[in-house]
Novice: 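Sharing a structure below in C-alpha cells format, with a few things to ask.
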Amino acid sequence: MDRTMIPVKRTLLLDDSRSSVYKAAKIIRQGGLVAFPTETVYGLGASAADADAVKKIFTAKGRPPDNPLIVHISKKNQLADVARSIPDVAGELIDKFWPGPLSLVLQRSENIPPVVSAGLSTVAVRMPDHQVALDLISFSGGPIAAPSANRSGRPSPTSYRHVLEDLSGRIDAVIRSSVCVIGVESTVLDLTGSQPCILRPGGLSREDLEAALGCPVSLAGPGGGLDLPASPGMKYRHYSPSAPLILVVGPVGRRKQLVNFLVYRYQRKGFTVGLLNLSSQGSLKWEVDPEQFAAHLYRLLRRLDEEGAGVILAEEIETEGLGLAVMNRLRKAASRVIRV
Ligand code: TXA
Ligand code: MG
C-alpha cells in the first residue's frame, strides 16, 4: 500500500441530479478531483488540459507515474482535440462502439499535456456510455482524464462506496449514482501500429472487435507475443483483495480436486476460505451468467475481504467473450497461480 502523505480533506458526496453534476463540473474546472460513474467502473477525473490537476490523480491513487490515464470525451467530435490524427479504422470503430467500453490509443495532440499519458506520445481516449459521465464532461467544458477511482493495486470500484473506502479524504468529491453495469474496465485497443492490438482486454470482446474489423486482432503481453507490457498499466499487480488469491488452472476435474484439497487444508489451519467462481457460490457463477459475474467481480473481491477471508480460491474460466477480461483480472489479482 502506498504511503504518500497528502492533506486530508473532506470528500463531498454528491447525488447525480443535474445541479449536483454541475457542481462537480465546477470542481473539475477549478482543478479538483471528482470520482464519477461510468458503465464500466468509477473513474477519478480531472480536467485533461490541466497538468497540475492531473498530477494530483497520481498522488491520490498512489499510482506509479509511468502508468498513463484514459481521456474521456462526451462528443465524438472532441476526439480531434485529443488525438493528432484519426485513422480510418478508428472512425469505423467509433461509429460502431462509442459511447461504450472501448479506449482507443492514438497519437496524442499537443492540447493534452504529457503527464496525462505518462510522457508517451500516444493517448488513450474513450466516450463512456453513462449519462452522468457525459454530462460531467460536457459541463466541465473539456475532456476529463480519469483512471479507475481505486487506490493503486486494489480492485476497481463499481459503486461510490468502493470509491470512499479507498479515497475518502484524498479527493474533492464523488458522485453517487447507479452501479456500473459492465463492471470491468474498457478494452484498450492500440491503433498506432501496423495492426490493431488489444493492450488490455475489457468490456468489449475481442470477438466483437474482430467481427467489426473483419480481421484477427492480436493481444499484447504474455501469450500475445510481446515481451514488454505494451500498456504500461499491465505490468503491475492489480485488482487485488487484501487476502491472497490462489488461481487454479488446468483440466476441470484436476482443478476441482485441488480446490477441494486446498479448502480442507486451509480450513484445518483455521483460515476462512473465500471461494470466488466456484460451485458453492450461490447464483453468481461464471458458468451460469457470465455478464452478471463480470459485473460483480470487483464487488465480490471486496466483499470476501470484508467477510474476513484469509485466502481466496478461484478457478480458471474460458477466455471467450468477456472471459478474456475476467481471466486477465484474475491472473493479475492472483498472488499465486497453480497449474494442475
Ligand atoms: O473503463 C475504463 O477504462 C475505466 C473508466 C474510468 O473509463 N478507466 C480505467 O483506467 O480503467 P485505468 O487508468 O485504471 O486503466 C487505463 C489503462 C492502463 O492499463 C494504462 O496503462 C492504459 O489504459 N493506457 C492509457 N493510456 C495509454 C497509452 N497511451 N498507451 C498504452 N496504454 C495506455
Ligand atoms: Mg485501474
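Positions are given from 1 along the sequence. Note that ligands are numbered from 1 as they come in the structure, with each ligand's atoms numbered from 1 the same way.
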Novice: Among E39, R63, K61, E185, which one puts a heavy atom closest to atom 13 (O) of ligand 1?
Specialist: R63
Novice: Taking the side chain as every heavy atom from C-beta outward, state whether I137 and Q78 have any pair of such atoms under 4.5 Å apart.
Specialist: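 Of all side-chain heavy-atom pairs linking Q78 with I137, at least one is under 4.5 Å.
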Novice: Under a 4.0 angstrom heavy-atom cut-off, which atoms of ligand 1 come close to L199?
Specialist: 31 (C), 32 (N)
Novice: Look at ligand 1 and say whether H72 reaches it with a heavy atom at a distance under 4.0 Å.
Specialist: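 Yes, H72 has heavy atoms under 4.0 Å from ligand 1.
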Novice: Counting backbone and side chain alike, does N150 bring an N/O/S atom below 2.8 Å of the Mg ion (ligand 2)?
Specialist: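 Checking the Mg ion (ligand 2) against N150, no N, O or S atom falls under 2.8 Å.
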Novice: At a 4.0 Å threshold, what atoms of ligand 1 neighbour a non-hydrogen atom of V188?
Specialist: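 Those of ligand 1 that fall under 4.0 Å from V188 are 23 (O).
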Novice: Looking at Y42, is R176 sitting on its ring face, NZ or CZ under 6.0 Å from the six-membered ring centre and within 45 degrees of the normal?
Specialist: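 So R176 doesn't make the cation-pi contact.
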Novice: Purely on distance, is any nitrogen or oxygen of S186 under 3.5 Å from one on ligand 1?
Specialist: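 Yes.
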Novice: Can you confirm if the NZ or CZ of K269 lies within 45° of the ring axis of Y266 and under 6.0 Å from the centre of its six-membered ring?
Specialist: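 Here K269 passes the 6.0 Å and 45° test against Y266.
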Novice: Looking only at N/O atoms, are S117 and ligand 1 under 3.5 Å apart anywhere?
Specialist: no
Novice: Give yes or no for whether the N/O distance cutoff of 3.5 Å, strictly under, is met between S103 and ligand 1.
Specialist: no
Novice: Can you check whether S74 reaches M127 side chain to side chain, under 4.5 Å on heavy atoms?
Specialist: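 S74 does not reach M127 side chain to side chain.
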Novice: Should the pair E307-R303 be classified as a salt bridge under the 4.0 Å nitrogen-to-oxygen rule?
Specialist: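 R303 and E307: salt-bridged.
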Novice: I need the contact type for T122 against ligand 1. Using non-hydrogen atoms and a strict under-4.0 Å cut-off, is it side chain, backbone, both or neither?
Specialist: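 Both of them.
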Novice: For L120, counting its heavy atoms only, list the atoms of ligand 1 lying under 4.0 Å from any of them.
Specialist: 28 (C), 29 (N), 30 (N)
Novice: Would you check if L209 and L93 make a side-chain contact, meaning some heavy-atom pair closer than 4.5 Å?
Specialist: yes
Novice: Flag the pair S186 / R200 as yes when at least one side-chain heavy-atom distance between them is below 4.5 Å, and no otherwise.
Specialist: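 Yes, at least one pair of side-chain atoms sits under 4.5 Å.
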Novice: For G43, take its heavy atoms, then give the atoms of ligand 1 lying under 4.0 Å from any of them.
Specialist: 6 (C)
Novice: Could you pull out, from A118, P68, P147, S152, the option with a heavy atom nearest to atom 26 (N) of ligand 1?
Specialist: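 Answer by nearest heavy atom: P68.
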Novice: Before signing off on this row, confirm whether N67 and ligand 1 have an N or O atom pair separated by under 3.5 Å.
Specialist: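 It does: an N or O of N67 is found under 3.5 Å from an N or O of ligand 1.
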Novice: Is there a side-chain contact between R63 and P147 in this structure, where contact means two heavy atoms from C-beta onward sitting under 4.5 Å apart?
Specialist: yes
Novice: Need the ligand 1 atom indices (1-based, order shown) with element for anything under 4.0 Å from a heavy-atom of V123.
Specialist: 29 (N)
Novice: Under a 4.0 Å threshold between the charged nitrogen and the carboxylate oxygen, would E320 count as salt-bridged to R206?
Specialist: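 No.
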